Amino acid sequence: MAKPPLSMKPTGWFQVAWSDEVGVGDVHTMRYFGEDMVAWRSETGRVVVMNAYCEHLGAHLGFGGHVVGEVIQCPFHGWQWNADGRNVCIPYQDRPNRGRRMRTYPVTERNEAVYIWHDAEGREPFFEAPDVFASFADGSSAADYFPQQRLFRQGLEMHPQYVLENGVDFAHFKYVHETPIVPVFTRHDFAEPVSYVDFTITFEGDDQQSIDDVRSGVEAINGGLGIAVTKSWGMVDNRTISAVTPVDDSTSDVRFMVYIGRPAKPVRDPERARVKAEAFGDEVIRQFAQDIHIWSHQRYSDPPALATAEYEGFTAIRKWAMQFYPDGRGGSAADLASMTEKGCTT
């Protein structure tokens, strides 16, 4: 596998599991950012994500480790580690080892997903992961939608940035999805680590149509490179979440979630409404899978040979994306956030 030119260890929030994969008392194994990890849920419901190998003699906590109240116990010698990664019990000694600590990750749960904060330099989160309902501030909630539909693809040779760039790519609809959609962008806001892209939808042949005539569109919120949430309006009411998480220096896991809105008014046949909604959700997922097929065989082009109409969007999102790489490619998002708080400008 060829190593991509972009760092596969960007800063930000990244999905590592779905919430229902980590029940109370469960220990869930996974590998991301080149590290073996475990996620476990304590008796009070808190999800903890930490590196997998016990600091005592290196046993993997995901193979025989178990949750005891609010700690995880190593299967090898019974050492117990708390949610902060600290050793709290050695069963054959009267005090714990205070000098060693398991690496843990900041965790947030929303929209039935478990996200961790990854930062190669160990800094604390400086922006929140977007919520597919609350972030749009329109009073919506999961109760207004049918159950979440999902796609999961593992170990693909692709970078999270490819997915974010798709959000400004107006030309691919016709050639990838065979849909004569012509997005007209009404917002490109890349001023903060959480960015916004909105567009209205026209169709080929509607050259005389004005923005005021358009009755449908998409609002997208990008939480760093790891998460993008969308709200579609004027069509079948739906929300989507795309989450791409690097596994190692070459591959990523891709998760995609869709919510289809329930009828606003009572319907005669609720089951038929559910089936129609599920079918539409399947179509949204099918179209996203078409994009995945392109991304997983894509080579990062830098600089790209852009058409004139593409220049503004791609230039803006690529400049914005560079802040999440801690390897000198454009600086650090944490530094930019700190400068904003202090009222500094460059």
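Residues take their numbers from the sequence shown, with the count starting at 1. A quick note: this is a predicted structure, and the numbers were derived from the prediction, not measured.
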Q. What residues form a salt bridge (Lys or Arg N to Asp or Glu O under 4.0 Å) with Glu271, not counting sequence neighbours?
A. Arg274
Q) What residues form a salt bridge (Lys or Arg N to Asp or Glu O under 4.0 Å) with Glu55, not counting sequence neighbours? A) Arg100
Return a table of donor-acceptor pairs under 3.5 angstrom between the side chains of residues 222-232 and protein atoms on other chains or two or more places apart.
residue : atom : partner : partner atom : Å
Asn222  : ND2  : Ser195  : OG           : 3.1
Thr230  : OG1  : Thr240  : OG1          : 2.5
Lys231  : NZ   : Asp138  : OD2          : 2.9

Q.
Connecting only ILVMFWY residues whose side-chain heavy atoms lie within less than 4.5 Å of each other, what is the rest of Val275's hydrophobic cluster?
A. none
Q: Report the residues that fulfil side-chain hydrogen bond (donor to acceptor under 3.5 Å, both in side chains) with Thr44, sequence neighbours left out, ordered by chain and then residue number.
A: Ser42, Glu70
**Q.** Ala277: partners by side chain to side chain contact (heavy atoms under 4.5 Å, CB included), with sequence neighbours left out
**A.** Phe146, Ile260
Q | Partner set under side-chain hydrogen bond (donor to acceptor under 3.5 Å, both in side chains) for Gln148, not counting sequence neighbours | A | Arg150, Tyr259
Q.
Could you work out, with side chain to side chain contact (heavy atoms under 4.5 Å, CB included) as the rule, every residue matching Val24, not counting sequence neighbours?
A. Arg41
Q.
Suppose we screen for side chain to side chain contact (heavy atoms under 4.5 Å, CB included). Which residues come up paired with Gln290, at least two apart in sequence or across chains?
A. Val176, His177, Arg286, Gln287
Q: List in chain and number order the residues that pass side chain to side chain contact (heavy atoms under 4.5 Å, CB included) with Val67, two or more places apart in sequence or in another chain; answer none if no residue qualifies.
A: Val27, Trp40
Q) Who pairs with Lys9 by salt bridge (Lys or Arg N to Asp or Glu O under 4.0 Å), at least two apart in sequence or on another chain? A) none
Q) Can you list the residues that meet the salt bridge (Lys or Arg N to Asp or Glu O under 4.0 Å) rule with Asp84, with sequence neighbours excluded? A) none
Q. Think Arg255 forms a cation-pi with Trp18, using NZ or CZ under 6.0 Å from the six-ring centre and within 45 degrees of its axis?
A. yes
